[in-house]
Amino acid sequence: GKRRFLGGIAGITKEDGGEFNAEDFDILSTFAGQVSIAIENAMFYEELDAAKQNAESFRQKLQCTNNKLIRTNQELQHLAVHDSLTSLPNRTLISDRLQQNVLGARRNREPLALIMIDLDHFKEVNDTLGHAMGDRLLVGVGSRFQAVLREVDTLGRLGGDEFAAVIPQADHNAAAIVAGKLQAALETPVEVDGNHFSIAASMGVAIYPEHGSTPSALLKSADIAMYVSKREYNGFSFYDPSNDTSNADRLELLHDLRIAIREDKLEVAFQPKLDLGQGRIIGAEALARWNHPVRGAVPPDEFIPMMEQTGLIRTFTLQILRKAIDHCRIYHQKGYELDIAVNLSMHSLRDTELPERIAEILGESHFNEQHLILEITESAIMQDPENSLLIVTRLSDMGIRLSVDDFGTGYSSLSYLKRLPVQQLKIDRSFVSDMEKDNDDATIVRSTIDLAHNLGLQTVAEGVENSATLDSLLEMNCDQAQGYLISRPLPPEDFHNFLRSSQWDIKHNQTTGGCALTDAYEETAKRRVSMRSR
Ligand code: C2E
Ligand code: CA
Ligand code: CA
């Protein structure tokens, strides 16, 4: 049955000289058969051996690849859960460790401490020394902390200048000792590149199960305690639920605000600005909106001051600027030539890096700076006139227009205002909304408009709530109006609809027949023209 040729047996002459007969052939072919089986076996063994060696090298290669994969995977895992700067566990890993430790503590009925650490005045250090130095200082601080902790404790960096430590089996006393050690760790200045930096930290301590029975409750309590300690400059504080409730409530709101900013959850609303000369919408003010998951809408007058007090405003200002610009670009694309106004806070006027950051955002989004207006309240400017002049001048040199917000409430001197490179005054809504009833207010508004025009500044009246006020403003030659009469601040989508159907577009109204408000507007405009010609 073999079909392959393996070899042959050749016989030439028999020993006895006779012919090969059938019997000889039988013997020979039996012999050939046996030889071929032997040869085939040998060949098979060889193949088997080769295959075995092959399989072995294959297995080794596989193992090698596998090892590499495992290493890469480990590296990736490490990267995913470690902070790239300090190599300490990051927020994700800290949360995970906290989770595991809480489970362990629950099982063994043991306490556990979570310490939240925030460096004091790190921002200033960072601003004066630059980010590279600031980064190295953070690394130094991290290793100082690490050195006073035990193997079982987990130290991590949550981001920025925030660290956290999970201390298993620690009760009040033990936690206080650890917090004291962490403080002491910074007592000698930290060295970076031959320079020595004195830096202190504020810490908040939460104990399981007293201050929270879940990781998120503990994180929140420690965060709140950290704020108390920051405010009182006392090094560290334990979470104290008996803090008067309004205070605790505020701290809780602050905690939520921080998370909302970190997750970029705050939104922007747009309120249109009506140009009284052209009778059309020429811009909008971007206003911050925070929809709290439990409390609902929190008013900006509540959360903006919180941001200012805690320095969160810095990140936030850039967030809302970016959002405002992104939406404004969409409106431009739809054919609406709008200017966008963004509010700066008192803090912004001390932030020497702000102009650069703004330039970056403008560059990244290819947004023409001529469409941007920055509003700064009069009182913010007057808090620190020298620095304000510096920052405002830099912004103005970048081609950005500036507007003095809430004008009339901040006691600015005229001579100072003249030195400021601003283009606009926004008359505070407290004067505008009462000017129909209050003669003094009407006088203030009128003289502010005149004064502004004399200084070569535009005027915007805010808080215009009825058409009588609008009429007076037209008569007073005010340049722009903003207020509920024209529209309340609207979410970006609604603002787009507003632009589409706006009754304030005179051209639009000529074709559709107009409405009472526009008629009133045209009436007054005519009156103004006749007054001017008088
Ligand atoms: P603001 O800059 O003076 O903004 C105008 C405020 O007046 C807005 O209140 C707006 O909703 C309200 N308003 C507009 N028209 C009328 C009206 O006809 N009548 C009345 N009674 N009010 C009117 P909002 O949005 O509650 O903001 C309050 C303040 O919060 C703002 O005052 C501003 O100082 C601050 N703010 C809001 N968003 C931001 C922001 O993104 N950054 C900073 N730094 N501050 C902001
Ligand atoms: Ca404003
Ligand atoms: Ca204002």
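Read the numbers this way: they start at 1 and go in the same order the structure lists the ligands and their atoms. Owing to the predicted nature of the structure, the values given are computational and were not obtained by experimental measurement.
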S.K.: Show me the donor-acceptor pairs, under 3.5 Å and distance only, between side chains in residues 484-499 and residues at least two apart or in other chains.
M.R.:
unit_1	atom_1	unit_2	atom_2	d
N497	OD1	R500	NH2	2.4

S.K.: Has S403 got an N, O or S atom lying less than 3.0 Å from the Ca ion (ligand 2)?
M.R.: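 False for S403.
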
S.K.: Looking only at non-hydrogen atoms, find the nearest pair between Q424 and V460 and report the distance.
M.R.: CD-CG2, 3.5 Å

S.K.: Between H82 and N90, does any side-chain donor sit less than 3.5 Å from a side-chain acceptor?
M.R.: no

S.K.: Any side-chain donor paired with an acceptor under 3.5 Å for D256 and H292?
M.R.: yes

S.K.: Could you pull out every N or O of ligand 1 that sits under 3.5 Å from a protein N or O, with the distance for each pair?
M.R.:
unit_1	atom_1	unit_2	atom_2	d
ligand 1	2 (O)	E285	OE2	3.2
ligand 1	2 (O)	N343	OD1	3.2
ligand 1	2 (O)	D405	OD2	3.0
ligand 1	3 (O)	D406	OD1	3.3
ligand 1	3 (O)	R429	NH1	3.3
ligand 1	7 (O)	R429	NH1	2.8
ligand 1	15 (N)	Q271	NE2	2.9
ligand 1	18 (O)	Y484	N	2.8
ligand 1	19 (N)	E465	OE2	2.5
ligand 1	21 (N)	E465	OE2	3.0
ligand 1	22 (N)	Y484	OH	3.4
ligand 1	25 (O)	R289	NH1	2.9
ligand 1	25 (O)	R289	NH2	3.0
ligand 1	38 (N)	A288	N	3.0

S.K.: Do we see a donor-acceptor contact under 3.5 Å between the side chains of N466 and T469?
M.R.: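 Looking only at side-chain atoms, T469 and N466 do form a donor-acceptor pair, the distance falling under 3.5 Å.
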
S.K.: Salt-bridged, K273 to E375, with N to O below 4.0 Å?
M.R.: yes

S.K.: For the aromatic rings, using the six-membered ring if either is Trp, is the centroid distance between H255 and Y227 under 6.0 Å?
M.R.: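 No - the distance between ring centres of H255 and Y227 does not fall below the 6.0 Å cut-off.
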
S.K.: Of all N/O/S atoms in E285, which lies nearest to the Ca ion (ligand 2)?
M.R.: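 Going by distance to the Ca ion (ligand 2), the closest N, O or S atom in E285 is OE2.
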
S.K.: What are the protein N/O/S atoms, named by residue and atom, that sit under 3.0 Å from the Ca ion (ligand 3)?
M.R.: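 Less than 3.0 Å away from the Ca ion (ligand 3) sit D405 OD1, D406 OD1, E462 OE1, E462 OE2.
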
S.K.: May I ask you to say whether R357 pairs ionically with D351, meaning some side-chain N is under 4.0 Å from a carboxylate O?
M.R.: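 A salt bridge is absent here (no side-chain N lies under 4.0 Å from a carboxylate O).
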
S.K.: Let me check something: any side-chain donor-acceptor pairs from residues 130-142 under 3.5 Å, sequence neighbours excluded? List them with distances.
M.R.:
unit_1	atom_1	unit_2	atom_2	d
H131	ND1	N126	ND2	3.2
R136	NH1	D193	OD1	3.2
R136	NH1	D193	OD2	2.4

S.K.: Below 4.0 angstrom, N of the basic side chain to O of the carboxylate: do K220 and D223 qualify?
M.R.: no

